[in-house]
Amino acid sequence: MPTVQTVQTVLPSLTPLLPELILGVGVMVLILYGAFRGERSVETINVGALALLLVALFVVMSQAPGTKVTTLSGSFIQDGFSKVMKALVLLGSAATILLSRDYFQREKIDRFEFPILIVLCTIGMLVMVSANDLIALYLGLELQSLAAYVIAAFHRDDLKSTEAGLKYFVLGALSSGMLLYGASLVYGFTGTVSFPGIVSALHEDAGFGIVLGIVFVAAGVSFKLAAVPFHMWTPDVYEGSPTPVTAFFASAPKMAAMAMTVRVFIGAFPDVTAIWQQIIVFIAIASMTLGSFAAIGQRSLKRLMAYSSIGNVGYALIGLAAGTEEGIRGVVVYMIIYLAMTLGAFAIILSLRRRNEMFETIEDLSGLSRTHPWIAFCLAMMMFSLAGIPPLAGFFGKFYVFAAAIQANLVALAVVGVVTSVVGAYYYIRVVKIMYFDEAKAPYEAMAPGLRIVLALSSVVVILFWLLPAPLVGAAGAAAKSLF
């Protein structure tokens, strides 16, 4: 029997895990409630899941600034970086539940399992953000991935959704194997899975085995980021999944995957930056280039957003390639702004419904400015921001990562980023042209309340960021500082 003193010494060590514990206990209660009540529990479980995510967000934001705490023998870390990135993950997951309500009701696939899977996915993502060794990282990654495979195929009577889930599962299993192989090589040549232990074992001495391990780890995390050349699943999975699921894949998991990537390379391999920097530079250039050129011929809005997300990952990786505190600050700022732009764009895509039929092609936006002027204005701002046009938020996101690259003498990488931004602006501005200059079609139905909330909050960030950038930039700076 454990003594009172033993219990007291164990409990404080679980404090960094409080958000994950809240979600874990809460989701078990929701599962039991759903099992007993069946489909009558859908509304209650949606509200409960949303409440759990908001409570976890409050706990994360209550963390004292500047603190760094580890637990579970150092495999789990709580610091300024995890605070900001976990907040983004929780906001993305909460927004997904708001975006999904009306869609699932109309499609008659409104089941209580969906919000539960979102919460389970979120627990995995939070573990990914705070992982301080290779085993914790893999556990978080797999928990997130297994739930994601299921929600991709959530519309099980739809062939495209089933195909999306299967394709995501098969390629995801391949990427997990590559990540595990890389992790095993790193462990074999360093004798530890702990990030601080790897730093102590490596210093500046990295043999061929370590280099090979880093390459395979980079391949595994690149798949989760949907970065080139491991992006092949993204357009098909984004198009085939139910639209709220696509919005989820483009938002919260991207935050967790980018946090995981930064944590791995900055936390475990800071003394061999020259090795992994070459890999990140290649992935960034390839992602920006393919994301910009491949999107030009797309007609589907969801496929357009898929290629847009690939390109945006490339821009964010510019900051990581710099390997400096300023670079990581740029990454965090970029991901904050990207989350707002993506959720706002998907809120509008989900509102394109007429006589209970969803519309998802670019041509379906024809003349939107005359039938829904405010929605057209908001989408135009999202598109201009994604293109990086000042004074919208997207411009500042790119400015911070490009500036960090130039300071780190990666001028060629910054130039490629600017050139691909110009190319990408074509397909973003084409959407605006269709909304404002093409012949108007019949008006769409009114937006659901959940979509309005997400769109309003996203629009405030995107349009008014330039008026008050200090809070978000300051938070990003504190997050980056905690890693160095």
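Only heavy atoms go into these numbers, but all of them, side chains included; no hydrogens, no water, no symmetry mates.
Counting non-hydrogen atoms of neighbouring residues, nucleotides and ligands closer than 6.0 angstrom, the CD1 atom of I406 exceeds 12 such neighbours. In Y187, the OH atom is not crowded: 12 or fewer heavy atoms of neighbouring residues, nucleotides or ligands sit closer than 6.0 Å. Counting heavy atoms of neighbouring residues, nucleotides and ligands inside a 6.0 Å radius, atom CZ of F36 does not exceed 12 of them.
Looking only at atom types and distance, the side chain of S482 has no donor-acceptor partner in the side chain of K68 under 3.5 Å away. Side-chain polar atoms of Y315 and S421 form a donor-acceptor pair below 3.5 angstrom. For the residue pair S130/Q78, the side-chain donor-acceptor check at 3.5 Å is not satisfied. Donor-acceptor pairing under 3.5 Å is lacking for the side chains of T324 and Q407. Side-chain atoms of S308 and Y428 form a donor-acceptor pair, as typed in the model, at a separation below 3.5 Å. For the residue pair N312 / Y334, a side-chain donor-acceptor distance below 3.5 Å is found, with atom types taken as modelled.
In terms of modelled atom types and a separation under 3.5 Å, the side chain of Y338 and the main chain of A250 share a donor-acceptor contact. Using a distance-only test at 3.5 Å, with no hydrogens or angles considered, no donor-acceptor pair links the side chain of Q144 to the main chain of M125. At least one donor-acceptor pair under 3.5 Å links the side chain of S161 to the backbone N or O of A152. Between the side chain of S41 and the backbone N or O of G38 there is at least one donor-acceptor pair closer than 3.5 Å. In this structure, S287 contributes its side chain and G314 its backbone to no donor-acceptor pair below 3.5 Å.
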Handout entry: Step-by-step side chain to side chain contact (heavy atoms under 4.5 Å, CB included) determination, R263 to I77
Key = CA-CA 10 Å; R263 182 81 74 184; I77 187 169; 3.7 Å; yes
Handout entry: Intermediate values then yes/no, side chain to side chain contact (heavy atoms under 4.5 Å, CB included), F269 and I198
Key = CA-CA 7 Å; F269 305 109; I198 293 170; 3.9 Å; yes
Exercise for the section: For F195 and V264, run side chain to side chain contact (heavy atoms under 4.5 Å, CB included): C-alpha distance rounded to whole Å, both residues' side-chain angles, the deciding distance at 0.1 Å, then the answer. Expected result: CA-CA 8 Å; F195 292 168; V264 168; 4.1 Å; yes
Problem - Candidate pair L90 and L126, rule side chain to side chain contact (heavy atoms under 4.5 Å, CB included), full reasoning - result: CA-CA 9 Å; L90 290 163; L126 298 186; 4.3 Å; yes
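Aromatic ring centroids of F104 and F114 lie under 6.0 Å apart. Between W276 and F265, a ring centre-to-centre spacing shorter than 6.0 Å is recorded. Close placement of the Y149 and F169 rings is indicated, their centers lying within 6.0 Å of each other.
Taking all atoms of both residues into account, the shortest heavy-atom contact from G394 to I337 is N-CG2, 3.8 Å. Summarising the geometry of S241 relative to V237, their closest heavy-atom pair is OG-O, 2.7 Å, with the distance given to 0.1 Å. Taking both residues in full, the closest heavy atoms of A321 and L410 are given as O-CD1, 3.6 Å, listed atom of the first, atom of the second, then distance. Shortest non-hydrogen contact noted between L413 and A284 is CD1-CB, 4.3 Å. What you find for M178 and A219 is that their closest heavy atoms are CE-CB, 3.1 Å. Of all heavy-atom pairs spanning A136 and V127, the tightest one is O-CG1, 3.6 Å.
Separation of atoms CG (L392) and CE (M382) is listed at 9.5 Å; rounding is to 0.5 Å. To the nearest 0.5 Å, atom CG of residue N132 and atom CZ of residue F76 are 10.0 Å apart. The line from OG of S75 to CG of L134 is 11.0 Å long, rounded to the nearest 0.5 Å. To the nearest 0.5 Å, the span separating CG on L117 from SG on C121 amounts to 8.0 Å. To the nearest 0.5 Å, atoms OG (S459) and CD1 (I348) are separated by 6.5 Å. Note that CG of N46 and CD of Q105 are 8.5 Å apart. Values are rounded to the nearest 0.5 Å.
Scored by the side-chain hydrogen bond (donor to acceptor under 3.5 Å, both in side chains) test, E113 finds no partners at all (sequence neighbours excluded).
Electrostatic pairing of K86 and E20 counts as a salt bridge here, judged by a charged N lying under 4.0 Å from a carboxylate O. No salt bridge links K83 with D79; every basic N to acidic carboxylate O contact stays at or beyond 4.0 Å.
Residues L467 and L464 meet the side-chain proximity criterion, which asks for heavy atoms closer than 4.5 Å. Contact annotation: the side chain of R101 approaches that of D110 to within less than 4.5 Å [non-hydrogen atoms, C-beta and beyond]. The shortest distance between side-chain heavy atoms of P235 and Y307 falls below 4.5 Å. Using a 4.5 Å heavy-atom cutoff, the side chains of M305 and I349 are in contact. Within the 4.5 Å cutoff, no side-chain heavy atoms of L225 are placed close to those of I283. Between M258 and V332, every side-chain heavy-atom pair lies at or beyond the 4.5 Å cut-off. Contact annotation: the side chain of P270 never approaches that of F484 to less than 4.5 Å [non-hydrogen atoms, C-beta and beyond]. At least one side-chain heavy atom of L179 sits less than 4.5 Å from a side-chain heavy atom of V217.
Pairs passing the side chain to side chain donor-acceptor pair (under 3.5 Å) check and including a residue from residues 339-350, sequence neighbours excluded, do not occur.
Remark: of the listed residues L91, L350, L99, L99 is the sole one forming a side-chain contact (heavy atoms from CB on, under 4.5 Å) with V454.
A cation-pi contact, defined as under 6.0 Å to the ring centre and within 45° of the axis, links R111 to F154. Judged by the 6.0 Å distance and 45° axis criteria, K302 is not positioned over the aromatic ring of Y238.
The aromatic rings of Y168 and W233 lie parallel to each other, with less than 30° between the two planes, well short of the 60° mark.
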